Amino acid sequence: MCGIIGYIGEKVEENLLQGLERLEYRGYDSAGMTINRGGEFVTYKATGKVENLKKTLKFNDDLGMGIAHTRWATHGKICIENCHPHFSSNGNVALVHNGILENFEDLKAELSKEGKYFYGQTDSEVIAKCFDRLDIKSLRRVLGKLQGSYALALIAKDSDSIYFVKNKSPLYVGFDGSQAMVASDPSCFVGILTEYYTLEDGEYGRINKKEAVFYNKNNEKIEKYITKLDFKVSYEEKTGYDHFMIKEIYQSRIALENIIERYKQEEIINKLKLLKNYEFDRIYLVGCGTAYHAGLIGGYYLREAFNVDVFCEIASEFRYKNLNIDDKSLCIFISQSGETADTLSVLEFCKEKGGKIVSITNTEYSTIARLSDICFPICAGQEKAVASTKAYFAQCLIFYIITTFLKGKDYILPLQNFKRQIDFGDDNILKPLAKNLVKYDKVFFIGRGVDYITAKEASLKLKEITYIFSTAESSGELKHGVIALIDSSVPVIVIATDEKLFNKTLNNAYEIKSRGGKLILFTSLQIDKDIKENFDYVIEVKKTSKEFQSLQMILPLQKLAYFTAIEKGNNPDMPRNLAKSVTVE
Ligand code: F6R
């Protein structure tokens, strides 16, 4: 995580600030900026969000050069000392870092013996302390010492260039004769540059207004292809909404419309055909957090359609399972950002083993997309709120499309019908429920079959933005232990969309009621009045066709999490301790 940016040109503070605002999704523990003006450094630092840094800035329209950083803390507490940029001991070199230096303790001990003083606790400061001067030779010497992941941007008081390095953290660079830039995300170039270079692992170099010089990991000078900045970064405003999260929940409908349009195109049909031609005898679905839950839904679709083993795996656990990956393995990676380090490292592992690599992502220029044999876009548009909502919805839809296409059936008409039926739930019921939920310090979710997956996703959404302890259990598993936690202080949200499983789920709900637990039912089924009376709340969600019912159900549950966060006074867009893009393992 963390976002880094460097800029040479006019209005340095303004352009760096704009970049930081675009990178803030990568972390918002602190933000900092160092500008080289006439051979002297001017530094600004603030804990918390970029808006805090903005208040301290003195804007200057003259030519200049600077680097900036937005932090998601890994090593060392959130304080000004640990805020980037960091400096060499002689103060000549300033650096910003995204990644984790794995051997920082050893290096720090070595540098301390040389008499170097450390003002903070970060691994990044250790890299800065390895420098005294900045040129390609000293950069190479320091790179030889580093182990771990790092995207670095460096400036020196006596240099006209930004130096850069990329290893396992994303970095892009660009210049146009009057300005130059490096950034963790090419969205920072929008409105400034029209072309950019994508760095690969091990590459490094320097850039100024006139030229970019690149070296590969073998220290050979290389030429790189330039990419046109052809994607539009729509800087979504909250217009009409209090937060991005609630806007994005409603944008699920737009994502569905975008998918319908894009998945009619030949470009996508060709990808689907290519996938259909693959020979595989196993499918692995890999992701983290919400993306993993979308994989569980994908597994549910694929298993219903095919007689083939489907394994859904959490990326960070994948390598410990000794799974059998070979050229008969279809490996599907789900990632909104396309940069999640855990997911990316499994992708690289599966690629090395000869697996067929498919990704489902919202970021078509991302590393995961670039490394895939086939990349399916989810067409959700920029997702700014940290808690993923419309991306989950869209990822599940892509699994529906893939499964339906592989079965040889039409997917457009069912999607169009679903679009007409989407129901976001009744705020007049959800808001009072949220008001009630904040009184509790824990909430349980239960469900069976696909409803258990929805329960997991709903529970994750609730805990990450309300900080209320929450967990999801399969209804049948309760009595094997978890029911010991149930008493009158525990609300249990029961999710029921499957007619065939309803009676069993109902019995499990009654087991909770007998022990005093509060029951809240989210259902799309027609339920008798006397059954409803057993529940403290009943939230009825519109029925849609079976394959979309779990997607329909997640929408009001996402809104419930949102309203509960608001009741608690939290900012649902930027929950504590989290970041939108998780680029460390
Ligand atoms: C939760 C959430 C996270 C992400 C996870 C993977 O709301 O957003 O759990 O789903 O960090 O991120 P991506 O999809 O970018 O790989």
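Bear in mind that the values here come from a model prediction, so they are computed numbers and not experimental data. In each ligand, atom 1 is the first atom listed, and ligand 1 is the first ligand listed.
Looking from atom 13 (P) of ligand 1 to the surrounding protein, the closest heavy atom is Thr340 OG1, 3.2 Å. The nearest protein atom to atom 9 (O) of ligand 1, hydrogens excluded, is given as Thr290 N, 3.1 Å; this is a heavy-atom distance. Closest to atom 15 (O) of ligand 1, if we only count protein heavy atoms, is Ser337 OG, 2.7 Å. The protein atom (non-hydrogen) at minimum distance from atom 7 (O) of ligand 1 is Glu464 OE2, 2.5 Å. Looking only at heavy atoms of the protein, atom 11 (O) of ligand 1 is closest to Val582 CG2, 4.0 Å.
Atoms of ligand 1 found under 4.0 Å from any heavy atom of Lys461 (numbered from 1 in listed order, with element): 1 (C), 7 (O). Near Gln336, meaning under 4.0 Å from one of its heavy atoms, ligand 1 places the atoms 13 (P), 14 (O), 15 (O), 16 (O). Heavy-atom proximity to Ala291, at under 4.0 Å, picks out these atoms of ligand 1: 10 (O), 14 (O). Set against the non-hydrogen atoms of Gly289, the atoms of ligand 1 under 4.0 Å away are 9 (O). Close approach of ligand 1 to Val386 is summarised as follows: ligand atoms under 4.0 Å from at least one heavy atom of the residue are 8 (O). Of all the atoms in ligand 1, the ones that sit under 4.0 Å from a non-hydrogen atom of Ser335 are 13 (P), 14 (O), 15 (O), 16 (O).
Summarising the contacts of atom 6 (C) of ligand 1 with Cys288, Ser388, Ala341, the nearest heavy atom is found in Cys288.
In this structure, Arg576 forms a cation-pi arrangement with Tyr467, its terminal cationic atom sitting closer than 6.0 Å to the ring centre and no more than 45° off the ring axis.
Glu477 has no carboxylate O lying under 4.0 Å from a charged side-chain N of Arg448, or vice versa, which leaves the two without a salt bridge. A salt bridge links Lys435 and Glu567; the closest N-O separation between the charged side-chain nitrogens and carboxylate oxygens is under 4.0 Å.
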Between His293 and Tyr392, does a side-chain hydrogen bond (donor to acceptor under 3.5 Å, both in side chains) hold up when you go through it step by step? CA-CA 8 Å; His293 294 157; Tyr392 172 78; over 6 Å; no
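Side-chain contact of Thr70 with Glu24: a donor-acceptor pair under 3.5 Å is absent, judged by distance alone.
Below 30°, between 30° and 60°, or above 60°: for Tyr250 and Phe424 the angle between ring planes is between 30° and 60°, a tilted geometry. The aromatic rings of Tyr411 and Phe405 lie tilted to each other, with the angle between the two planes from 30° to 60°.
A centroid separation of less than 6.0 Å is found between the aromatic rings of Phe548 and Tyr400.
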